[in-house]
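Heads up, the thing below is written out as structure tokens.
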Amino acid sequence: ILYPDYYIIPCGSCEQVISRTKAFRNTNTLHHFEVYGIIDRDFRSEHELEIYKAKNVYAIKVAEIENLFITEEVVRFIASCFGKNENDIFSAIKNYIVKERFEKQIDSQISKSVLYEIKYRLSNSAIDGRNKEEINSSLNDFMSSLRYEDIWKEQNDKFQNALSNDNYKDIIKIFNEKNLSSAIGHYFGIEYIATVISIMSANEENKKKFVSALTSYLPTEIPISLR
């Protein structure tokens with residue numbers, strides 16, 4: 001629905017998206033396709049995402065693809081479809097996401113984000129050497145550069161600032177929890193995700209409204225049609 005001009009290939013994991021996009025682009029003499037990869041943001045840093053951009057792999061502007069269903073724009077549109085007060089519905093859902101879920105899970109989210117960043121740096125470390133001494137020296141240099149307190153503070157500040165600023169858009173950008181969208185159906189009295197997909201697929205007018213609502217959450221580098 002969001003990319004009607006493209007042939008979409010689900011890959012199963014972000015790692016597969018990255019590797020397959022790279023493989024296709026490295027064999028462009030065999031085909032005429034312009035290939036892009038789209039991945040979840042997850043706990044990835046801006047530095048990591050910039051590296052992927054060089055490989056034509058881009059992240060959506062929410063932590064999980066499922067979070068597109070809980071953006072303010074989509075929530076308000078669904079509320080209007082059911083004749084409900086948009087402000088009341090969004091306020092209730094925002095309170096649930098922020099206060100009942102994000103605030104109560106923030107310590108766990110920070111810990112997971114810190115662990116992800118450490119693992120990412122370890123997997124991309126340039127530890128090298130031709131003998132025991134050189135390898136040991138390289139390892140020590142790397143461990144010295146891996147400042148745990150700095151990593152923890154950076155991640156803690158990111159999550160705490162989003163919470164203290166009550167910034168819903170920032171929160172769903174970093175809140176890595178897949179079941180959020182499936183937990184808000186009772187605010188509408190529906191099975192939420194299935195109903196949203198049904199509504200957005202119902203006719204061309206609805207498709208256009210959804211594409212327009214979600215454009216700001218999609219990678220700007222991938223051309224998108226609003227036809």
Shortest non-hydrogen separation from K173 to K61 and the atoms involved: CG-O, 3.6 Å
Check whether any side-chain heavy atom of K94 lies under 4.5 Å from a side-chain heavy atom of D166, and answer yes or no. yes
Quick test of your reading of the model: are K104 and E100 salt-bridged, counting only N-O distances below 4.0 Å? yes
Please test R76 against N87 for side chain to side chain contact (heavy atoms under 4.5 Å, CB included), starting from the C-alpha separation and ending with a verdict. CA-CA 8 Å; R76 287 182 177 277; N87 292 329; 2.8 Å; yes
With rounding to the nearest 0.5 angstrom, report the CG to CD1 distance, D42 to I60. 8.5 Å
P223 vs E34 side-chain heavy atoms within contact, under 4.5 Å: no
Test salt bridge (Lys or Arg N to Asp or Glu O under 4.0 Å) on K208 and E205; report intermediate values, then the result. CA-CA 5 Å; K208 288 180 181 179; E205 186 61 28; 5.3 Å; no
Salt bridge check: are E48 and K53 linked by an N-O gap of less than 4.0 Å? no
Got a second to check how far E72's CD is from F77's CZ, nearest 0.5 Å? 15.0 Å
In this structure, are over 12 heavy atoms from other groups packed under 6.0 Å from H186 atom NE2? yes
Looking at L180, V62, I193, V196, which hits side chain to side chain contact (heavy atoms under 4.5 Å, CB included) with I70? L180
Please give me the minimum heavy-atom distance between D40 and A63, naming the atom from each residue. CB-O, 3.5 Å
Intermediate values then yes/no, side chain to side chain contact (heavy atoms under 4.5 Å, CB included), Q160 and I106: CA-CA 8 Å; Q160 295 291 353; I106 192 168; 3.9 Å; yes
Spacing of S164 atom OG and E103 atom CD [to the nearest 0.5 Å]: 10.5 Å
Geometric class of the F43/F159 ring pair [parallel <30°, tilted 30-60°, perpendicular >60°]: tilted
Of all the heavy-atom pairs spanning I118 and L146, show the shortest one and how long it is. CG2-CD2, 4.3 Å
Is the closest side-chain donor-acceptor distance between E117 and Q155 under 3.5 Å? no
Rounded to the nearest 0.5 angstrom, the CZ-OH distance for F69 and Y192 is 8.0 Å
Is any side-chain heavy atom of V114 less than 4.5 Å from a side-chain heavy atom of Y148? yes
Any chance NZ of K178 has more than 12 other-residue heavy atoms, nucleotides or ligands included, within less than 6.0 Å? yes
Taking a hydrophobic cluster as the set of Ile, Leu, Val, Met, Phe, Trp and Tyr residues connected by side-chain heavy atoms closer than 4.5 Å, whether directly or through intermediates, do I151 and L115 fall within one such cluster? no
Parallel under 30°, tilted from 30 to 60°, perpendicular over 60°: which one fits the rings of Y3 and Y6? perpendicular
Angle class for the Y36/Y58 ring planes (parallel below 30°, perpendicular above 60°, tilted otherwise)? tilted
Where K55 and R25 come nearest, the two heavy atoms and their spacing: O-CD, 3.7 Å
Are the ring centres of Y168 and F90 closer than 6.0 Å? yes
NZ or CZ of K169 within 45° of Y217 ring axis and under 6.0 Å: yes
Test item: side-chain donor near acceptor, Q109 and K112, under 3.5 Å: no
To check you understand the geometry: which heavy-atom pair defines the closest contact between I172 and N67, and what is its length? O-ND2, 2.9 Å
Parallel, tilted or perpendicular, judged at 30° and 60°: which one describes the rings of F188 and F82? tilted
Under a 3.5 Å distance rule, please check whether N165 uses its side chain to pair with a backbone N or O of N161 as donor and acceptor. yes
Donor-acceptor contact below 3.5 Å, side chain N156 vs main chain W152: no
So do the side chains of N167 and I171 get within less than 4.5 Å of each other, counting heavy atoms only? no
Step by step, work out the side chain to side chain contact (heavy atoms under 4.5 Å, CB included) result for F175 and Q105. CA-CA 9 Å; F175 195 3; Q105 293 177 234; 3.8 Å; yes
Hey, is E149 close enough to K153 for a salt bridge, meaning N to O under 4.0 Å? no
Heavy atoms, side chains only, cut-off 4.5 Å: are L122 and F142 in contact? yes
Where is the tightest heavy-atom contact between C81 and I199, given as atom of each residue plus distance? SG-CG2, 4.1 Å
Examine I65 and V17 and state if one hydrophobic cluster contains both, with Ile, Leu, Val, Met, Phe, Trp and Tyr joined whenever side-chain heavy atoms are less than 4.5 Å apart. yes
